[in-house]
Amino acid sequence: MKDRHGILSQPIGQVLLKLSLPNLVGILTVLGFSLVDTFFISQLGTESLAAISFTFPVTLIISSLAIGIGAGVSTNLARLIGSGHSAKAKVFLHDALLLTVSLITALSIIGSLFIAPLFSLLGANDLSLPLIQEYMTLWYIGAPILVLLMVGNQGLRATGDTRSPAKIMALASLINLILDPLLIFGIGPFPRLEIQGAAIASLISWALALSLSGYLLIIKRKLVHFAGLNIDRMRCNWKQLAHIAQPAALMNLLNPLANAAMMAMLARIDHSAVAAFGAGTRLESVLLIVVMALASSLVPFVAQNLGAGQTERAHHALMLSLRFVLLFQTLLYLPLLLCAEPIAQLFSNDAQVIEWLSFYIIALPAAYGPLGIVIIMAMTLNAYHRPMSSLVLNLCRLFLILLPLAALGSYLGGVKGLLLALPITNTIMGIACYILASRISEGEKAARHAEMIRK
């Protein structure tokens, strides 16, 4: 576990590019699961698209927990590696994975027992609920597999290896792409399972990906040390993990909770708007893929440099990344203005769904540059061991600005008024996060100086 990827020595732009390109492929394949499922399910009709859209906030909650735990794993492992404590890093990863599988299994069991009441609360009608039940029952079975896969891949990325997770997820995405139409539409010898087929395809591809990831982590790279059950050690490692993971998970949980609230508002206006919103959020994930790839690379880069005492190098990488995503996302928005309606028509033949989704594609990406700044800043704060600051940022963005604006927008302008709350919020918070980023290096220097005085 040495600095094999030049994180502490090579030019910043070169290292971030080297780490980000495989991440780009990896994240694209992960998002491909959602987008492919959404595309094929949309061919079943508006009600099926609405049903899968209702599941997004709930599946995102589990995924957000995985992202939070993964952030704790990535940050702590990178710091341990950067400071030369590879043996501690291996034991830490073992304890983190053990906690992960226990927590997600328990949540999946609870979630499977409350499918109907939960989705009724979100606004699902009698036509959507049976479809949701079919999909989510199987999805909960696969949830522990998915989360272990996500956290394990973060362990690989913490060492600077972004290529292996990307290859694993690319293979899994390809399997999902092949199985989806076969199982959804019943092509050839396969039965027609419709929305349930999408869940089965995902479960199979996740299981295969986890087996490959586990082989790399445990057998080939020997990144996990099975140290046995030691309550004091495990409690200490879990506490260290929770310092980052708990606020990071809470921060990521805020987004699906806010999405659930917005979806409930939309369900009371027009069920077609729910279908459009669900497809739009999946498209948004793809349009922000470069931001997510860069953020995933930046966190271990910053953490290892901070662990080695190179604060200026870490800060320069942060500011360079923020300027890049602002420029990139602004340029990306221009072709979307010309392609909004053709893209919307890929997901539905319903005129109302097309109208709402076209508006989503035109209005929201206009502020994806500022949103990219928010995403990168929120994730990088974990590398600075300031997870509570990241949590406060998202609390302010979602609950002090977005949801009140969405409620006001829905009252004044219906569906379009509600959707406009998103780009307005992202612009405001993007400006605030850029200002915070420009000053964060001063705080890190002060913290290190205080630590030196205490010693």
Side-chain angles (χ1 to χ4, degrees), residues 15-36 38 56 59-60 62-75 78 146-147 149-151 153-154 156-158 161-163 165-170 172-173 248-249 251-256 259 280-303 317-318 320-333 364-365 367-383 390 393-394 397 422 426 429-430 433 437:
V15 177
L16 289 179
L17 181 63
K18 184 191 296 183
L19 297 179
S20 296
L21 285 177
N23 267 344
L24 186 65
V25 175
I27 294 172
L28 180 61
T29 56
V30 171
L31 297 177
F33 278 95
S34 300
L35 199 58
V36 165
T38 302
F56 294 163
T59 57
L60 279 173
I62 300 295
S63 297
S64 296
L65 288 174
I67 292 170
I69 297 171
V73 167
S74 177
T75 301
L146 172 63
V147 175
L149 172 63
M150 294 174 69
V151 174
N153 281 345
Q154 282 298 97
L156 289 171
R157 291 189 180 100
D161 177 13
T162 56
R163 292 182 180 274
K167 291 177 181 177
I168 290 170
M169 294 310 299
S173 184
M251 180 197 74
N252 284 286
L253 279 172
L254 297 178
N255 288 298
N259 277 347
T281 54
R282 294 296 175 102
L283 283 170
E284 179 177 285
S285 299
V286 174
L287 293 172
L288 290 170
I289 184 172
V290 169
V291 174
M292 298 305 298
L294 182 56
S296 296
S297 304
L298 186 64
V299 171
F301 179 94
V302 170
L318 170 61
L320 182 65
S321 299
L322 296 184
R323 293 172 188 135
F324 171 78
V325 298
L326 181 61
L327 176 62
F328 178 85
Q329 293 298 147
T330 301
L331 293 175
L332 182 63
Y333 173 64
L364 274 71
Y368 282 175
L371 178 58
I373 291 175
V374 175
I375 292 170
I376 285 182
M377 190 60 205
M379 293 180 69
T380 307
L381 282 169
N382 292 320
S390 183
L393 273 180
N394 271 283
R397 182 173 77 91
L422 285 155
N426 292 335
M429 289 304 300
C433 285

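We're numbering straight along the sequence, starting at 1. Just so it is clear, the model here is predicted, and its values are computed rather than measured. What's counted below: heavy atoms across the whole structure, side chains too, no hydrogens, waters or symmetry copies.
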Testing the basics here: between [X] and [Y], what is the closest heavy-atom pair and its distance to 0.1 Å?
X	Y	value
S390	A378	OG-O, 2.8 Å
V151	G70	CG2-N, 4.1 Å
N153	I168	OD1-CD1, 4.4 Å

Interatomic distance, [X] atom [atom1] to [Y] atom [atom2] [nearest 0.5 angstrom]:
X	Y	atom1	atom2	value
L298	I375	CG	CD1	13.0 Å
N426	I373	CG	CD1	11.0 Å
L287	L364	CG	CG	10.0 Å
M150	I69	CE	CD1	10.0 Å
L381	N394	CG	CG	10.0 Å
L332	I289	CG	CD1	11.0 Å

Answer yes or no: is there a side-chain heavy-atom contact under 4.5 Å between [X] and [Y]?
X	Y	value
V147	L65	no
L288	Q329	yes
I376	V291	yes
R397	L371	yes
Y368	T330	no
V374	L393	no
V290	V325	no
L322	L326	no

Open item on the list: I'd like to know if the side chain of S321 and the backbone of A317 have a donor-acceptor N/O pair within less than 3.5 Å.
Closed with: yes
Open item on the list: Has T59 got a side-chain atom pairing as donor or acceptor with F56's backbone, closer than 3.5 angstrom?
Closed with: yes
